[in-house]
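To start, the structure under review is shown below, and the notes come after it.
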Amino acid sequence: MSSITVSSASIVTVRVSSSLNSFTVEKRLDRGLTLAELKCKLELVVGSPASCMDLQLYGVENFFLQNLDQDDALLGSYPVDDGCRIHVIDKSGTKTGEYEDLSRVEKYEISQEAYEKRTDSVRSFLKKNRLGKFNETETLQKQENDERKRDEERIAAESITVGARCEVRVSGQPTKRGTVMYVGLADFKPGYWVGVKYDEPLGKHDGSLSDTLGDTV
């Protein structure tokens, strides 16, 4: 008489859901875990105490299979396959979504004066090593470069008048002709902008500046 041996992988990949949360997570579990050991591992996943858990097993197609209700039984003694879902029902009385509301998490706050006195902060490190805005030479050079760039843009913008005809050339695109509708500064981004209304029905707006700026060059 021949015998048949059925073996399965020692590790199974399942989805874990909970009555406390709206999300599911994927976990790799050892079939050799007892349900009591599994509940302890799931504490960190769903936030429910192990002593307040009921477990349910759902199949790959998300249909209910059975309750996992014997704490001393091995996970592998149940029909748990890759893709199944273990649903945790919390009996502690915690409200659904309580652990997802970040507005209820106490935030650590520190005053500017106290932060300034700390010697282990990022600001202290930057000051000590004269980096970023605490590098006076580099900061001054950046300010000079920004001012020079603004002057160059201003001079170029002053040479363009509203109502003038123009051509817009962009690499990889055909040349477009249109009329200048706006020249000047904008609130949404630094620098000088030129709004153009194309002759053809192209672009987003009419080239004028309102709540948003039309096509700019």
Side-chain donor/acceptor of Ser19 to backbone N/O of Asp90, under 3.5 Å = yes
Non-hydrogen atoms of Glu43 and Ser48 that approach each other most closely | CG-O, 3.2 Å
For Leu42 and Leu55 the tightest heavy-atom approach is CD1-CD2, 4.1 Å
Group every Ile, Leu, Val, Met, Phe, Trp and Tyr by side-chain heavy-atom contacts under 4.5 Å, then state whether Phe23 and Ile86 land in the same group.
-> yes
How far apart are the C-alpha atoms of Ile110 and Arg118, what are their side-chain angles, what is the distance that settles it, and do they pass the side-chain contact (heavy atoms from CB on, under 4.5 Å) test?
-> CA-CA 11 Å; Ile110 184 172; Arg118 297 192 61 148; 3.8 Å; yes
Any side-chain heavy-atom pair from Lys128 and Phe134 closer than 4.5 angstrom?
-> no
Cluster link Val12 to Val60, ILVMFWY, side chain under 4.5 Å = no
Distance from Ile89 atom CD1 to Ser17 atom OG, nearest 0.5 Å?
-> 9.0 Å
Inter-residue atom distance Tyr115.OH - Glu109.CD, 0.5 Å rounding | 15.0 Å
Any salt bridge (charged side-chain N to carboxylate O under 4.0 Å, His left out) involving residues 157-175? Give me the pairs, sequence neighbours left out, ordered by first then second residue.
-> Arg154-Glu158, Arg165-Asp199, Glu167-Arg169, Glu167-Arg177
Output all residues satisfying salt bridge (Lys or Arg N to Asp or Glu O under 4.0 Å) with Asp146, sequence neighbours left out; order by chain, then residue number.
-> Lys142
For Arg150 and Tyr192 the tightest heavy-atom approach is O-CE1, 4.0 Å
In Å, rounded to the nearest 0.5 Å, how long is the span from CG of Asn145 to CD of Gln143?
-> 10.5 Å
Residue pairs involving residues 52-75 (criterion salt bridge (charged side-chain N to carboxylate O under 4.0 Å, His left out); sequence neighbours excluded) = Lys39-Asp71, Asp54-Lys91
Side-chain contact, heavy-atom cut-off 4.5 Å: Asn21 with Val46?
-> yes
Quick one: list whatever passes salt bridge (Lys or Arg N to Asp or Glu O under 4.0 Å) with Arg15, sequence neighbours left out.
-> none
Any link between Leu140 and Leu131 through a network of hydrophobic side chains (Ile, Leu, Val, Met, Phe, Trp, Tyr) touching at under 4.5 Å?
-> no
Ser10 side, atom OG; Leu29 side, atom CG - distance, nearest 0.5 Å = 11.5 Å
From CG (Leu33) to NZ (Lys41), nearest 0.5 Å | 6.0 Å
Return each pair, listed once, that meets side-chain hydrogen bond (donor to acceptor under 3.5 Å, both in side chains) where at least one residue sits in residues 75-84; pairs must be two or more places apart or across chains.
-> none
Inter-residue atom distance Glu113.CD - Ser111.OG, 0.5 Å rounding = 4.5 Å
Which pairs, with at least one residue in residues 33-59 and sequence neighbours excluded, count as a ring-ring contact (aromatic ring centres under 6.0 Å, His included)?
-> Tyr58-Phe64
What one should report as the nearest heavy-atom pair of Pro79 and Cys84 is O-SG, 4.2 Å
Look at atom CD of Gln141 and say whether more than 12 heavy atoms of other residues, nucleotides or ligands are closer to it than 6.0 Å.
-> no
Sub-3.5 Å donor-acceptor pair from the side chain of Gln56 to the main-chain atoms of His87, do we have one?
-> no
Quick check: does any side chain N or O of Arg31 sit under 3.5 Å from a backbone N or O of Val80, one acting as donor and the other as acceptor?
-> yes
hydrophobic_cluster_shared for Leu57 and Val25, side chain cutoff 4.5 Å = yes
Is Val45 linked to Leu35 within one hydrophobic cluster, defined over Ile, Leu, Val, Met, Phe, Trp and Tyr using a side-chain heavy-atom separation of less than 4.5 Å?
-> yes
Shortest non-hydrogen pair, Val194 vs Val180, comes out as CG1-CG1, 4.0 Å
